[in-house]
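Side chains included, hydrogens not; waters and symmetry mates left out as well; all remaining heavy atoms used. Here, residue 1 is the first one in the sequence, and each next residue gets the next number.
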Amino acid sequence: MTNKSMSSAALHALVAQQCRSLRDSAISSGSASPVFRTYVDGKLGVPEEAASLNGGMVVYKFSSLAQAANWALTECQKRSPVSSGNFRKSWALLVNGKVWPALDDIPQGAEVWIVNTTPYSRKIEVGGMKIRVPPGIVEAVRQSVQRKFPAVAVTRAFKALAGGRDARGNPVPYILKQAGTASGISYDKKAKSWNRKHPAYKSNRSDRQAGEQLLYPTLILTEKGF
């Protein structure tokens with residue numbers, strides 16, 4: 001790098017190209033995300049050619065968020081019951097409140113929601129409806145994401161949705177036609193069977209009454225440090 005026959009501009013270009021080559025190799029090998037931010041001598045968005053050749057530094061901060069969101073969405077689909085396929089098809093990914101089709105282009109610092117838009121998604125999540133797979137799909141995926149992507153913060157919440165359509169074309173959000181029912185049905189993980197803990201009864205919760213919109217079980221992902 002110190003060959004006197006090379007101009008300063010040529011040295012800067014050579015260093016910059018080497019940095020980008022190392023970055024691209026990490027991405028192509030799968031060890032780094034294709035979503036990243038570039039810091040040159042501590043400045044965001046500066047081209048690599050501007051790095052000082054005397055103690056300068058080029059830092060690529062890779063984002064795990066896009067990888068985690070894609071993996072979590074696929075995992076939710078894999079764990080879904082498939083008797084009709086409707087539930088599996090109704091998973092949606094939202095970025096900062098908007099449906100996001102380009103799953104590999106999730107910006108750093110975004111808030112990602114993964115939610116199932118069927119009217120019975122809450123029942124399946126909390127175990128109030130018998131299905132062929134264990135309930136708590138969102139919670140199970142949350143735990144898996146937490147282990148697999150330590151740089152990503154992940155929580156489960158029951159959220160209101162602002163609009164759209166589910167896989168069958170029905171409007172979202174779903175408006176409850178009558179008070180929700182506490183079924184008394186629960187899934188025993190050890191026995192791997194369904195049991196009834198108590199008789200079914202109408203819920204007294206304010207958010208489960210007729211005319212209220214359904215709150216959907218939602219996986220929420222954000223990037224730690226943002």
Side-chain angles (χ1 to χ4, degrees), residues 30 33 35 62-82 85-162 164 166-167 172-174 180 182-183 185-195 197 205 207-208 213-226:
S33 166
V35 180
F62 297 98
S63 171
S64 299
L65 187 60
Q67 289 178 311
N70 277 275
W71 186 88
L73 177 61
T74 300
E75 194 68 13
C76 285
Q77 292 167 339
K78 285 181 180 178
R79 293 172 181 259
S80 299
V82 291
N86 180 56
F87 187 83
R88 176 171 286 186
K89 294 176 183 176
S90 290
W91 289 101
L93 187 144
L94 291 78
V95 175
N96 296 332
K98 297 181 179 179
V99 176
W100 202 260
L103 302 186
D104 290 330
D105 194 28
I106 296 172
Q108 288 181 300
E111 182 174 272
V112 177
W113 289 14
I114 296 175
V115 58
N116 192 286
T117 58
T118 54
Y120 44 88
S121 60
R122 183 187 177 100
K123 287 184 178 180
I124 287 179
E125 181 65 22
V126 301
M129 177 179 176
K130 285 186 176 182
I131 53 176
R132 296 181 180 179
V133 299
I137 294 170
V138 174
E139 174 57 23
V141 174
R142 183 196 69 79
Q143 294 177 24
S144 296
V145 171
Q146 201 167 46
R147 292 190 295 268
K148 190 175 180 67
F149 299 93
V152 173
V154 55
T155 58
R156 185 192 74 162
F158 292 85
K159 291 289 191 178
L161 296 180
D166 64 17
V172 175
Y174 177 77
S183 68
I185 298 172
S186 64
Y187 184 79
D188 188 324
K189 290 183 179 180
K190 290 184 178 180
K192 296 184 178 180
S193 63
W194 294 87
N195 301 305
K197 289 187 174 181
R205 289 177 44 170
D207 64 338
R208 300 293 292 148
Q213 71 158 290
L214 176 70
L215 298 181
Y216 296 83
T218 305
L219 191 69
I220 303 172
L221 299 91
T222 55
E223 203 163 10
K224 293 178 181 178
F226 280 88

Are [X] and [Y] close enough that some pair of their side-chain heavy atoms sits under 4.5 Å apart?
X      : Y      : value
Ser144 : Arg79  : yes
Leu65  : Gln108 : no
Ser64  : Leu221 : no
Trp100 : Pro107 : yes
Ser121 : Leu214 : yes
Leu161 : Trp113 : yes
Val133 : Phe87  : no
Val152 : Trp71  : no

Please find the pair of heavy atoms, one from [X] and one from [Y], that lie closest to each other, and give the distance.
X      : Y      : answer
Ile124 : Met129 : CG1-SD, 4.0 Å
Ser80  : Arg88  : O-NH2, 3.5 Å
Gly30  : Gln67  : O-NE2, 4.3 Å
Val115 : Pro217 : CG2-O, 3.6 Å
Ala69  : Ile114 : O-CD1, 3.6 Å

Item checked: Audit row: Ile106, Leu93, side chain to side chain contact (heavy atoms under 4.5 Å, CB included) steps and yes/no -> CA-CA 10 Å; Ile106 296 172; Leu93 187 144; 4.2 Å; yes
Note to self: With salt bridge (Lys or Arg N to Asp or Glu O under 4.0 Å) as the criterion, how do Arg142 and Glu139 come out once you've worked through the C-alpha distance, each side chain's angles and the decisive distance to 0.1 Å?
What the structure shows: CA-CA 5 Å; Arg142 183 196 69 79; Glu139 174 57 23; 2.7 Å; yes
Determine whether a donor-acceptor pair (N or O, by modelled atom type, separation under 3.5 Å) exists between the side chain of [X] and the backbone of [Y].
X      : Y      : value
Thr117 : Ser90  : yes
Lys224 : Pro150 : yes
Tyr216 : Tyr174 : yes
Glu125 : Ile137 : yes

Drop me the distance from [X]'s [atom1] to [Y]'s [atom2], to the nearest 0.5 angstrom.
X      : Y      : atom1 : atom2 : value
Asn116 : Cys76  : CG    : SG    : 8.5 Å
Thr218 : Leu94  : OG1   : CG    : 8.5 Å
Lys89  : Thr118 : NZ    : OG1   : 13.0 Å

Check: Between Leu219 and Trp91, is a side chain to side chain contact (heavy atoms under 4.5 Å, CB included) present by the stated rule, with each step listed?
Finding: CA-CA 11 Å; Leu219 191 69; Trp91 289 101; over 6 Å; no
